[in-house]
Novice: 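My questions will all concern the structure given below.
The residues of the chain are indexed from 1 along the displayed sequence. Quantities reported herein were computed from a predicted structural model and do not represent experimental measurements.
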Amino acid sequence: MANEATRRTVSTILQENVSYLRERLGAGKSFDVIHLDVEYAGRSMALFMIDGFVKDDILHYLMRFLASLDEETLTSHPLEKLFKTYVPYVELEKTNDLDRVVDAVLAGPTALVVDGIDYIILIDARTYPVRGPQEPDIERVVRGARDGFVETIVFNTALTRRRVRDRSLRMEYLQVGRRSKTDICICYIEDIADPEIVKSVKEAILKIDTDGLPMGEKTVEEFISGRHWNPYPIFRYTERPDTAASHLYEGHVLVIVDGSPSVLIMPTTFWHHLQHAEEYRNKPIVGAYLRFVRFLAIWASIFLLPLWYLMMTEPERLPSALSFLAKAKMGDIPLFAQILMIELGIDMLRMAAIHTPSSLATALGLVAALMIGGVAVEVGLFSNEVILYFSIATIGTFATPSYEMGLANRLVRMGLLVMTALFGVYGYVIGIMLWLVMLARMKSFNVPYLWPFIPFSYRAMRDVLIRSPIPLKNRRPTVLHPRDPDR
């Protein structure tokens, strides 16, 4: 953005302003940039807008209202009269910076340029193409709200404020991207969130220096996380407004990016990615059971397949009571190659499912069942045990609430498998230790990633492992340093 010394200010001569705006906006070159020369109350004026962003009915009403004004109406103090009286709309802004006007028009508002006035009035009568707030595909629940975030930032802030009617809820607006000017909202509850965390989030976002954010919140995450080769997410994505609201009440900060249906929650720990709204939509004992099953599935997705491979390659380490686990048909292909092939095959199948039209999804499922199932076993490509244990690990991956966490755990599983194949039991143990050290060294805005396990907090760890009744959760997470620690 231009600084005070070099910015182009609005002139009192209408034609100078119009010529500059036409050149910078590409009017006449881009068919969707609309420039209207009009005359109201005896004054020459111009309107600049983007077709498809402007609300036609609102603008038509404003133009009819201005057309009814007499010539004497704007003879004295025209700016104040237009701004306060004769442009009857809620969202108005005035500016004397022509570059600011260009950025605003490209974002959607309409610019009203008036001859003899060295300010331009911005009328925020815009609308964006938007889909309805449908239930997210990834975070479905049996009972609960069916609305989800969409690609329009104003809709997302409204969905959040609908659930958080706190007078200290803050929605701070930023723009990032030298060319894209992407709208970003930092959302937090001022009376709860730690000011240092809020400050750190703002500073990290303001430091982003790039042309644009084509991938929305994912681009923001990569710029501010700083761990490009670490697969584990340090921020949580959610498409559910109720999940976002519950984190606000704990003291987290939300980052809402225009054009993205997902909201970033920060800071988060490893355990935040393992929780799901379904656990809180049931009775506490049922929720605790669901969480236990989910944790069991997630641990199985990481450790089970390498452990079974270790038992198959070193059966003498098994107790006699468990010796049946190592009794399996090895197949015509080495066991490690079988597991690697099925890992890559499932990833290929996942990518194929994403790109397959829904009308052909059933056919793809049948092909996959035949290819990875009976036929592959009959021809000796895979053994039954490989398919069994890999299926359990895959179910655990799909049971992981966070899609990003599930992919990271899959990479860790493959790394453990390689370590076990190379160094046996020592590779398996060392691999797990390296994994724990990596997680323990991670931080999300100075919040330890493994808290409350490392550093240990009994009360918080109990709430992680067991879904506690809501009336008993009367304290906010201490690691977030909330201004109001009591619920």
Side-chain angles (χ1 to χ4, degrees), residues 1-2 4 7-130 152-155 157-158 161 171 173 175 181 183 258:
M1 183 177 293
E4 293 293 331
R7 74 176 186 175
R8 179 70 178 266
T9 57
V10 177
S11 171
T12 56
I13 303 174
L14 175 67
Q15 194 55 44
E16 291 185 4
N17 298 328
V18 169
S19 298
Y20 185 82
L21 292 177
R22 282 184 61 86
E23 178 185 356
R24 297 301 300 271
L25 289 171
K29 298 179 181 178
S30 298
F31 79 94
D32 60 338
V33 178
I34 300 176
H35 166 219
L36 295 178
D37 289 315
V38 294
E39 185 174 335
Y40 300 125
R43 283 181 179 263
S44 297
M45 303 183 187
L47 288 166
F48 286 90
M49 68 200 79
I50 302 297
D51 190 16
F53 284 172
V54 65
K55 292 180 182 177
D56 296 337
D57 52 347
I58 297 295
L59 197 61
H60 183 236
Y61 171 78
L62 293 176
M63 294 173 72
R64 288 180 57 189
F65 191 89
L66 291 172
S68 66
L69 299 180
D70 298 329
E71 292 189 12
E72 297 80 12
T73 305
L74 302 180
T75 54
S76 62
H77 307 291
L79 177 63
E80 287 75 11
K81 289 182 178 179
L82 284 171
F83 197 76
K84 297 180 179 180
T85 306
Y86 297 120
V87 182
Y89 194 67
V90 177
E91 298 181 73
L92 295 178
E93 182 184 354
K94 59 183 178 181
T95 180
N96 65 348
D97 186 351
L98 280 172
D99 293 316
R100 167 77 178 87
V101 174
V102 171
D103 293 339
V105 171
L106 292 175
T110 300
L112 175 61
V113 190
V114 183
D115 188 29
I117 300 178
D118 57 354
Y119 275 84
I120 291 178
I121 298 176
L122 297 175
I123 307 168
D124 195 355
R126 58 178 160 176
T127 182
Y128 289 137
V130 63
T152 304
I153 189 172
V154 177
F155 278 50
T157 55
R161 193 173 284 276
M171 301 276 189
Y173 172 79
Q175 275 192 338
K181 305 294 183 184
D183 298 328
D258 189 38

Novice: Strictly by ring-ring contact (aromatic ring centres under 6.0 Å, His included), give each pair with a member in residues 19-50 just once, sequence neighbours left out.
Specialist: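 The answer is His35-Phe48.
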Novice: Run the numbers on Arg126 and Ile50 for side-chain contact (heavy atoms from CB on, under 4.5 Å), then give the verdict.
Specialist: CA-CA 9 Å; Arg126 58 178 160 176; Ile50 302 297; over 6 Å; no
Novice: Could you give the distance from OG1 (Thr157) to CE (Met171), rounded to the nearest 0.5 Å?
Specialist: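 It comes to 5.5 Å.
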Novice: For the backbone of Leu14 and the side chain of Asp115, can you confirm whether one donor and one acceptor N or O come within less than 3.5 Å of each other?
Specialist: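 Flag set: sc Asp115 to bb Leu14 pair under 3.5 Å.
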Novice: With heavy-atom distances below 4.5 Å as the criterion, would you say the side chains of Leu98 and Arg24 are in contact?
Specialist: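 No, their side chains stay 4.5 Å or more apart.
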Novice: Would the distance check show the side chain of Lys81 and the main-chain N or O of Tyr86 forming a donor-acceptor pair, the cut-off being under 3.5 Å?
Specialist: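 Not confirmed, Lys81 side chain does not pair with Tyr86 backbone.
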Novice: If you look at every heavy atom in Ala46 and Asp37, which pair is closest and at what distance?
Specialist: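 Minimum heavy-atom contact is CB-OD1, 3.9 Å.
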Novice: Arg43 and Thr75: which non-hydrogen atoms are nearest, and at how many Å?
Specialist: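 Of all heavy-atom pairs spanning Arg43 and Thr75, the closest is NH2-O, 4.4 Å.
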Novice: For the CG atom of Asp124 and the CG atom of Leu92, what is their distance to the nearest 0.5 Å?
Specialist: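 Result: 9.0 Å between the selected atoms.
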Novice: Heavy atoms, side chains only, cut-off 4.5 Å: are Leu21 and Ile120 in contact?
Specialist: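 They are in contact (side-chain heavy atoms under 4.5 Å apart), so the answer is yes.
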Novice: Which value, rounded to the nearest 0.5 Å, describes the distance between Ile153 atom CD1 and Tyr173 atom OH?
Specialist: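 If I round to the nearest 0.5 Å, the distance is 7.5 Å.
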Novice: Let me confirm one number: the NZ-CZ distance from Lys94 to Arg100, rounded to the nearest 0.5 Å.
Specialist: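 CZ of Arg100 is found 14.0 Å from NZ of Lys94.
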Novice: Tell me whether Asn96 contacts the main-chain N or O of Thr9 through its side chain, where contact means a donor paired with an acceptor under 3.5 Å.
Specialist: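 Checked: no pair found.
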Novice: One pair to check against side-chain contact (heavy atoms from CB on, under 4.5 Å): Ile121 and Leu79. What are the steps and the verdict?
Specialist: CA-CA 9 Å; Ile121 298 176; Leu79 177 63; 4.2 Å; yes
Novice: Within this structure, what is the CE-NZ distance for the pair Met49 and Lys55, rounded to the nearest 0.5 Å?
Specialist: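 Those atoms lie 14.5 Å apart.
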Novice: Just verifying a value: how many Å separate Leu59 CG and Leu112 CG, rounded to the nearest 0.5 Å?
Specialist: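 Here the rounded value is 9.5 Å.
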Novice: What do the steps show when you test Val101 against Leu122 for side-chain contact (heavy atoms from CB on, under 4.5 Å), and what is the final call?
Specialist: CA-CA 8 Å; Val101 174; Leu122 297 175; 4.2 Å; yes
Novice: Between Ala104 and Pro109, what is the shortest heavy-atom contact and its length?
Specialist: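 That closest heavy-atom pairing would be O-CD, 2.8 Å.
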Novice: Show the nearest heavy-atom pair for residues Pro88 and Phe65, with the distance to one decimal.
Specialist: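 Smallest interatomic distance, heavy atoms only, reads CD-CD2, 3.8 Å.
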Novice: Of the non-hydrogen atoms in Asp97 and Arg8, which two are nearest, and what is the gap between them?
Specialist: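 Looking at all heavy atoms of both residues, the closest pair is OD1-O, 3.5 Å.
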Novice: Would you sort out whether Leu82 and Leu66 count as a side-chain contact (heavy atoms from CB on, under 4.5 Å), showing the intermediate values?
Specialist: CA-CA 9 Å; Leu82 284 171; Leu66 291 172; 3.9 Å; yes
Novice: Could you tell me which non-hydrogen atom of Glu16 sits nearest to which non-hydrogen atom of Ser11, and how far apart they are?
Specialist: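 That closest heavy-atom pairing would be OE1-OG, 3.1 Å.
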Novice: So for atom CZ, which belongs to Phe155, do other residues, nucleotides or ligands contribute more than 12 heavy atoms lying within a distance under 6.0 Å?
Specialist: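 Result for CZ/Phe155: open.
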